[in-house]
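See below for the structure under consideration.
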Number of protein chains: 2
Amino acid sequence: MATRIHIFDTTLRDGEQSPGASLNVEEKLEIARQLERLGVDVIEAGFPVSSPGDFQAVQAISRLIKNCTVCGLTRAVPKDIDVAAEALKPAVRPRIHTGLGVSDSHLQHKLKMSREQAMERGVAAVKHARKYVEDVEYFLEDSGRADRDYLCRVMEAVIKAGATVINIPDTTGYTTPEEYGALIRYVREHVPNADKATISVHCHDDLGMAVANSLAGVLNGARQVECTMNGIGERAGNTSLEEVVMAMRTRRDVYDCETGIVTQELYKTSRMVSASTGILVQPNKAIVGANAFAHSSGIHQDGVLKERTTYEIIDPRDVGILESKIILTARSGRAALKHRLGELGYEYNEAMIDKIYVRFLEVADLKKEVYDEDLEILAADETSAVHQTYELLQVQVSCGERVIPTATVRVRDAQGRELIDSCHGTGPVDAVYRAINRIVNVENSLIEFNIQAVTQGIDALADVTIRIQRGNDIYTGRGANTDIVVASARAYMHALNKLIDRVTPSAADRETAGAV
Amino acid sequence: MATRIHIFDTTLRDGEQSPGASLNVEEKLEIARQLERLGVDVIEAGFPVSSPGDFQAVQAISRLIKNCTVCGLTRAVPKDIDVAAEALKPAVRPRIHTGLGVSDSHLQHKLKMSREQAMERGVAAVKHARKYVEDVEYFLEDSGRADRDYLCRVMEAVIKAGATVINIPDTTGYTTPEEYGALIRYVREHVPNADKATISVHCHDDLGMAVANSLAGVLNGARQVECTMNGIGERAGNTSLEEVVMAMRTRRDVYDCETGIVTQELYKTSRMVSASTGILVQPNKAIVGANAFAHSSGIHQDGVLKERTTYEIIDPRDVGILESKIILTARSGRAALKHRLGELGYEYNEAMIDKIYVRFLEVADLKKEVYDEDLEILAADETSAVHQTYELLQVQVSCGERVIPTATVRVRDAQGRELIDSCHGTGPVDAVYRAINRIVNVENSLIEFNIQAVTQGIDALADVTIRIQRGNDIYTGRGANTDIVVASARAYMHALNKLIDRVTPSAADRETAGAV
């Protein structure tokens, strides 16, 4: 019988640590709901002590999710664990994830502790966490570069103290599959009580080997894989959930294991995470990239027509990429919209459906045919809404080659006053941004600007993602409209409102914790 | 002493097979020049028999490149080999790359030959190629699924016939590192004359393991790695050059090998390939992604400040990511522009420099400060220029929220007539495209639309990439301007001119060959 591997998704924690990817509570709830539908075993929902927003998100996800373990990250200190336990209280299956560095590099440079001190701290943290929950995971940060005997001693001690899962991360993405597999085998063979806990792999992709390293861990006895959708995360990101899951499924003959993942939900989840975080998936990304199942060269097309398996090892339908699409029109009612959004993974209350329906009708009026991708963007756009200190009422632009781009904007401020101003710029978006700046007047710099057409056709809905920076903080704004200039204006207003609200505390204000 | 591994770059052949990535001869020459600077050992320049464009590109690259082997792909048929030999004639070190499927799936479904017939065909092809060149590489397509004894017999026979390099591709990206390593070891141990040829690995990333598979091959005796910049290529793409090279370098203690790659050129090469092909690199891409060296979480920033190696295993400077940037202004002369373009890898004749200088001044006038990224985009934009059946003279747009987006365009046709038309649309780009369509009137559908701001700041130069489709053919257009509407108009005109010119013959017209 195939071994059951647990999938521990950390999109909402490690993935959200990607620069500028910060999500609000609504967006996190939506992704958590989709992860439950996808069938992950554990959702790491956040790092509760790090900010009020993270606390609220972990708490809200704990209330919402019934079929997955909900996990919160902590440092190995009592305060973190108390706060995490509080956030996780409503969860059906709560898990506290705590831990500490084990490599000498981490102990000396970061923690400034002796090996013994660090071990005592870890044991105390596990015991403290076990007062609140049955399920405690312990991370041995930077295991890849740690002294093996010390690693084994810490592991034995924290399992004895009550840890149920041991996470052996390759924090810097430095190891090779042979090394990482050998490390997992080593701890299994040298820690006397290793069989009392589940061993978990957590790999980073700095050398492009996160998937292979994770699978090497599985081949050597790991039973939990930590990963993120689209492989997002710090630096080059984490192990990609869709890749590691599909590799185990496609090569079940080699790995002889199975997961609880409903693979048909993979594509939808990938799109939702990309839309919410604003982190694009490159076309040549395995499993979920736009080209992953595209065959361009004559020979491959020919081969595929003759026999699918000649070049295709995965059926696109198995990951939820469907040929046939349901198209809504201006004649579609609210019920039809709600139903289709539900099928796409977006479940909303009536008030939210009302809001989206208004936007839907605007788009349907212009575009005639509204595709799933359009709906996804409208939904993501509404979910990402923040408290609007300034509301954009009107935008008017003239531009072109041999025209001085000029914009006029009308904005309503918190006091209900309508303010109008205009400005010229190097292009229509620059002109709009300058006109908004004349009204809002908050210093910031634009560090990224992306527009994607979400559907085919020149009348497509444009999805604009921008990132602005002020000091050390980065704010992401998104806007969708059939007019790219209006979409850009909305995205900028969205990011500015986030900045004004300081929805995310600055990186400097955040508590720092063991980043696995 | 560390073993020397040869890097075989197939960005211009397998990479260019990515949907819509097709490059013109000028763009290929520019990339080839940069690959030579990067220090690759072999440049696979194209598939000469497949189209006149491919033939010209291979021939031009053969003339240009002095320090790398230049390679052309062929099927195992005399005509292909004759044509490739002709294209490669000017090369200092020419190589012909020929071969045939070896798996029963390929033999039965695609080739419809017996094993013996296929082997005879392969031997004859190698002998024929050796009449023209000393260096012949033979690919054993779909080796991963082939019968091992047959695989070895073919390999022995083609080495005996004169093959100098044996390419053992994992065509479908199906194998695991253990399997692929074992396959390489198996052929080395079971083919009596294996030591007479270099064994080459060629992996695809469908399960996210191309890098790990390639390295498993190296550990088991392969001495050439086939790869592409940014890992582009058919479906999920090929082994990423930058990842496999940096893994070998960073883990030299494990792999004990070295390459001739000048790693400081990696970032520049990645940007050039992305700009030319229009294939974006995702932020969480290892080595060359925008976030590859970014640390967002408080903990990581803290750790990195305390000791760089805590979280960073590669120094960004080693891959050519520099902090300091040289900024040109409207006061910079032609010489300064030429010099800086040269440092960025773009070497142009005076006529081209003149053209770029005109565009540079326009941008410098608007933006004040012109960054390296702006120059790269202007350069790529000019290099990608095609024969202009229609020339865009003027664009004028008004748009906004509660405005009906309306565009007027003025275009010059091949007869020198100036044509003006206007149209409204769902947004400014839609309006421009509809206005152009009223003049040009060529049926097509837009299948992708991307805008990126190339530099920081709201006055940034926008880089628009679009793909349009007509029948089975896809045409990519690019346009750069500080005005995104003008950039979009240029991109559309560019793609339309390509379509009208039929620069790329349709996939159906192309010869089909062994796609490795």
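Treat the numbers as computed from the prediction; the structure is a model and nothing was measured. Labels below follow one simple rule: chain letters A, B, ... track the order of the sequence lines, proteins then strands, and each chain is numbered from 1.
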Considering only heavy atoms, which portion of [X] lies under 4.5 Å from any heavy atom of chain B: side chain, backbone, both, or neither?
{"X": "Asn230(A)", "value": "backbone"}
{"X": "Val403(A)", "value": "side chain"}
{"X": "Val486(A)", "value": "side chain"}
{"X": "Leu393(A)", "value": "backbone"}
{"X": "Ile466(A)", "value": "neither"}
{"X": "Ser240(A)", "value": "neither"}

Next item on the list: Give the C-alpha distance, both sets of side-chain angles, the deciding distance and a yes or no for side-chain hydrogen bond (donor to acceptor under 3.5 Å, both in side chains) between Tyr492(B) and Asn444(B).
Entry: CA-CA 11 Å; Tyr492(B) 187 51; Asn444(B) 72 85; 3.1 Å; yes
Among [options], who wins on heavy-atom pairs under 4.5 Å with chain B?
{"options": "Arg410(A), Lys285(A), Met246(A)", "result": "Lys285(A)"}
{"options": "Gly181(A), Pro177(A), Gly231(A), Gly289(A)", "result": "Gly231(A)"}
{"options": "Gly233(A), Gly425(A), Ala210(A), Ala247(A)", "result": "Ala247(A)"}
{"options": "Ile468(A), Val211(A), Leu392(A), Val397(A)", "result": "Val397(A)"}

Taking [options] one by one, which has the highest count of heavy-atom pairs under 4.5 Å against chain A?
{"options": "Gly427(B), Ala431(B), Ala489(B)", "value": "Gly427(B)"}
{"options": "Arg402(B), Glu179(B), Glu178(B)", "value": "Glu179(B)"}
{"options": "Thr239(B), Thr250(B), Val485(B)", "value": "Thr250(B)"}
{"options": "Ala290(B), Ser488(B), Cys399(B)", "value": "Cys399(B)"}

Go through the atoms of [X] and report whether side chain, backbone, both or neither lie under 4.5 Å from a heavy atom of chain A.
{"X": "Glu242(B)", "answer": "neither"}
{"X": "Gln108(B)", "answer": "neither"}
{"X": "Leu215(B)", "answer": "side chain"}

I'd like to check [X] versus [Y] (side-chain heavy atoms, cut-off strictly below 4.5 Å). Are they in contact?
{"X": "Glu16(A)", "Y": "Thr277(A)", "result": "no"}
{"X": "Asp206(B)", "Y": "Arg235(B)", "result": "yes"}
{"X": "Ile287(B)", "Y": "Ile314(B)", "result": "yes"}
{"X": "Asp14(A)", "Y": "His204(A)", "result": "yes"}
{"X": "Thr426(B)", "Y": "Pro405(B)", "result": "no"}
{"X": "Val409(B)", "Y": "Val432(B)", "result": "yes"}

Margin query: To check you understand the geometry: which heavy-atom pair defines the closest contact between Leu207(B) and Arg251(A), and what is its length?
Written below: CD1-CG, 3.9 Å
Notebook entry, point to check: Considering all heavy atoms of both residues, which atom of Gly173(B) and which atom of Ile313(A) are nearest to each other, and what is their separation?
Noted result: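 Nearest heavy atoms, Gly173(B) then Ile313(A): O-CD1, 3.5 Å.
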Notebook entry, point to check: Looking only at atom types and distance, does a side-chain atom of Asp483(A) sit under 3.5 Å from a main-chain N or O of Ala487(A), one as donor and one as acceptor?
Noted result: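 Answer holds: no.
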Check: Phe47(A) ring centre to Arg13(A) NZ or CZ under 6.0 Å, with the angle to the axis within 45°?
Finding: no
